[in-house]
Every structure is written in C-alpha cells, then in structure tokens.
Amino acid sequence: MSEYDLGDVSVVMGAYNEADAIAHVLDAIGAATDDRAEVIVVDSSSDATAEIARGHGARVIEQPPRGYGIALSTALSAASRPVVVTTDCDDTYPMARIPDFLDYVNEGFDVVSGDRLYHGADTMPVVNRFGNAAFALGASVLAGRRLHDVTTGMRAYRRDVLVDIDWTENTGLSAELLLRPAMRGYDVREVPIDYAERRGETTLDPFSGGAEIAGSILRVCAEERLRRLIPWATL
C-alpha cells in the first residue's frame, strides 16, 4: 500500500458567493498542507469569490450555477492526485485536520468522513442540526449500518473510489458520497470534527434543500440494495 504525503492531496470544493469566507478557507488549507496540496474551486458566484480564490493560489473552474452536487462533481473530476479531500467554502470545517485525515487513509481506509454531530455542532442552526441527525438515523436504517453524519462536507477519499462509482445526485450528493461507498463495502471511517459558525450568509433553504437530501438518501439506498440483489445491474 502506498504511503501518501501532503503533496499527494487534492482539496476540492464548490463555491457560490463565498467572498467573505474563501480567503480564510484557502489560507487554512495552505497552513495545514504546507502549501503542497492541489486546491480546486468550482465557482458559480456573482461576487468576487473566483478572483479571491485565484489570488490565493487555487485553480478556479467557473461554470453557471446549477447546484451543489454539479459543482462538487466537476471539482472531483478535476482532481489529479491520489487522495481527494472535500470541503465547503464557508469556513465551518477544520482544515487543520487534513493531515489527520491523510493518516487514516494511510492506515488503509478508503473514505474518511468528518462527523460534525459528535461534539454537538452547537454553532449549527437548530433546524439544520436536528435535520442532519434525522438524516443520519434514517440513512443508517436504510443502509444497514450505523452512520453518524451523512451530510458532512469534509471527507477524504482514495481517488480510485471516486472514479469507480457513478455519482448521480445534486443537492444530496454529500449523502451519496458516503452512502454508496459504505454500502459497497469500502473501508469507511467516521472521525469526530469541530464545526464552526459559517462566514457569510447561507444560500441553501433548509426545508427545500432538506427535502431534496431526504429524497437522495431514499433513492441511493434503494439503488444500492437493488444492486446487491442484482449484481450485474448498472446503477
């Protein structure tokens, strides 16, 4: 098994009007990785997010706003290094933990997923906190294994996992990115992380967005269960 270092890491994210936060995120990534990681930002903003990101050394891919999952899927496809870390652009995730996530990958895990709810996520809006806990509980029942935070945005993957699976969801991609690997038998490790108050205003409506995520969880789990019953099915 290969031993990866920080130069083998791509950090990817989608961005939509995150000018207040993006510089802080990119500075934190640089500090955590000694400026060795490849950083890719897929941007659909009408503000200065793209300009700020380029000024901080990120590779910026601009595309029309079509949703979280489409932006992140573009970023995942653009990643060129063997370990891919996903994050959000709102400065809520602890980029200082990237080396820890890499250590878990080097221990043999295929997916390392940040669990925001372990410590309580007190900075998260109450509606979001209870909604994310409900998503985790429902997904655990449907997937047949205990999962603690299926909608977190911070994870590390062996790149071949991302390449081997066809990703189909948009708003619910964060859940899909954990559920499909977990249900296909990849080695998944959930790791408690701190979760900070976001910088700037959120652009996701918790109710309509939550309904879309719930639909994704149901759909993905149903597809993966069918895949187990019919192994030759292409899903």
Side-chain angles (χ1 to χ4, degrees), residues 1-2 4 8-14 37-42 61 63 66-88 93 98 101-102 104-116 132 135-136 138-191 209 212-235:
M1 182 179 296
S2 299
Y4 299 116
D8 295 313
V9 174
S10 296
V11 183
V12 305
M13 65 202 83
E38 172 186 58
V39 183
I40 299 171
V41 178
V42 175
I61 301 171
Q63 65 182 29
R66 291 183 289 164
Y68 167 84
I70 292 175
L72 185 58
S73 292
T74 299
L76 292 170
S77 297
S80 64
R81 300 188 183 176
V83 178
V84 181
V85 174
T86 64
T87 189
D88 291 347
Y93 290 100
I98 291 174
F101 278 41
L102 180 61
Y104 284 113
V105 171
N106 282 327
E107 287 180 19
F109 291 100
D110 299 305
V111 181
V112 184
S113 186
D115 177 4
R116 303 163 297 173
N132 287 324
F135 291 146
S140 296
V141 172
L142 294 169
R145 62 171 290 177
R146 185 68 173 101
L147 299 169
H148 298 87
D149 186 359
V150 299
T151 48
T152 181
M154 184 176 181
R155 297 193 180 105
Y157 297 84
R158 294 184 186 276
R159 188 172 177 273
D160 55 3
V161 175
L162 296 170
V163 172
D164 287 346
I165 297 175
D166 291 328
W167 309 102
T168 61
E169 301 302 305
N170 193 355
T171 303
L173 180 64
S174 58
E176 182 185 21
L177 281 165
L178 182 63
L179 286 169
R180 291 201 195 275
M183 295 183 73
R184 295 191 189 190
Y186 287 99
D187 289 328
V188 174
R189 173 67 182 262
E190 289 189 277
V191 179
E212 291 183 48
I213 292 168
S216 291
I217 291 170
L218 291 169
R219 184 163 47 250
V220 168
C221 289
E223 290 175 355
E224 290 301 317
R225 284 187 173 275
L226 180 61
R227 187 177 185 274
R228 290 175 183 175
L229 293 172
I230 311 175
W232 60 87
T234 302
L235 295 171

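Residues Glu176 and Leu173 meet the side-chain proximity criterion, which asks for heavy atoms closer than 4.5 Å. The shortest distance between side-chain heavy atoms of Asp187 and Phe109 falls below 4.5 Å. At a threshold of 4.5 Å between non-hydrogen side-chain atoms, the residues Met154 and Ile98 count as touching. Within the 4.5 Å cutoff, the side chain of Tyr93 has no heavy atoms near those of the Val85 side chain. Using a 4.5 Å heavy-atom cutoff, the side chains of Leu179 and Leu147 are in contact. Taking the side chain as every heavy atom from C-beta outward, Leu72 and Val12 approach each other to under 4.5 Å. Residues Tyr186 and Asp164 form a side-chain contact, since some pair of their non-hydrogen atoms from C-beta on lies under 4.5 Å apart. In this structure the side chain of Arg227 reaches within 4.5 angstrom of the side chain of Arg184, judged on heavy atoms.
Side-chain atoms of Asp8 do not come within 3.5 Å of backbone N or O of Val83 as any donor-acceptor pair. Of the possible donor and acceptor atoms, none in the side chain of Arg81 sits under 3.5 Å from a partner among the backbone N and O of Val11. Between the side chain of Asp110 and the backbone N or O of Arg158 there is no donor-acceptor pair closer than 3.5 Å. For Thr151 (side chain) and Asn132 (main-chain N/O), no donor-acceptor pair under 3.5 Å exists by modelled atom type. The backbone N or O of Arg116 sits less than 3.5 Å from a side-chain atom of Asp149, completing a donor-acceptor pair. Put simply, the side chain of Ser10 never gets that close to the backbone of Glu38: no donor and acceptor are under 3.5 Å apart.
No donor-acceptor contact under 3.5 angstrom links the side chains of Arg159 and Ser80, judged on distance only.
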Legend entry - salt bridge (Lys or Arg N to Asp or Glu O under 4.0 Å) evaluation trace for Arg189 with Glu107: CA-CA 11 Å; Arg189 173 67 182 262; Glu107 287 180 19; 5.0 Å; no

Inset, instruction - Please report the C-alpha distance between Ser73 and Arg66 in whole Å, then the side-chain angles of each, then the deciding distance to 0.1 Å, and finally whether the side-chain hydrogen bond (donor to acceptor under 3.5 Å, both in side chains) criterion is met. - result: CA-CA 11 Å; Ser73 292; Arg66 291 183 289 164; over 6 Å; no

Inset, instruction - Give the C-alpha distance, both sets of side-chain angles, the deciding distance and a yes or no for side chain to side chain contact (heavy atoms under 4.5 Å, CB included) between Thr168 and Arg219. - result: CA-CA 10 Å; Thr168 61; Arg219 184 163 47 250; 5.7 Å; no

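The minimum heavy-atom distance linking Met13 with Thr87 is given by the pair CB-O, 3.2 Å. Nearest heavy-atom pair across Asn170 and Gly69 is OD1-N, 2.7 Å. Across every non-hydrogen atom of Ile61 and Ala78, the tightest pair is CD1-CB, 3.7 Å. Nearest heavy-atom pair, Arg155 versus Leu177, reported as atom, atom and distance to 0.1 Å: NH1-CB, 3.6 Å. Taking both residues in full, the closest heavy atoms of Val141 and Arg225 are given as O-NH2, 3.9 Å, listed atom of the first, atom of the second, then distance. Taking both residues in full, the closest heavy atoms of Leu178 and Tyr157 are given as N-OH, 4.4 Å, listed atom of the first, atom of the second, then distance.
Note that the CD1 atom of Ile217 and the OG atom of Ser174 stand 8.0 Å from one another [nearest 0.5 Å]. Considering CD1 of Ile213 and CG of Leu218, their distance stands at 12.5 Å, rounded to 0.5 Å.
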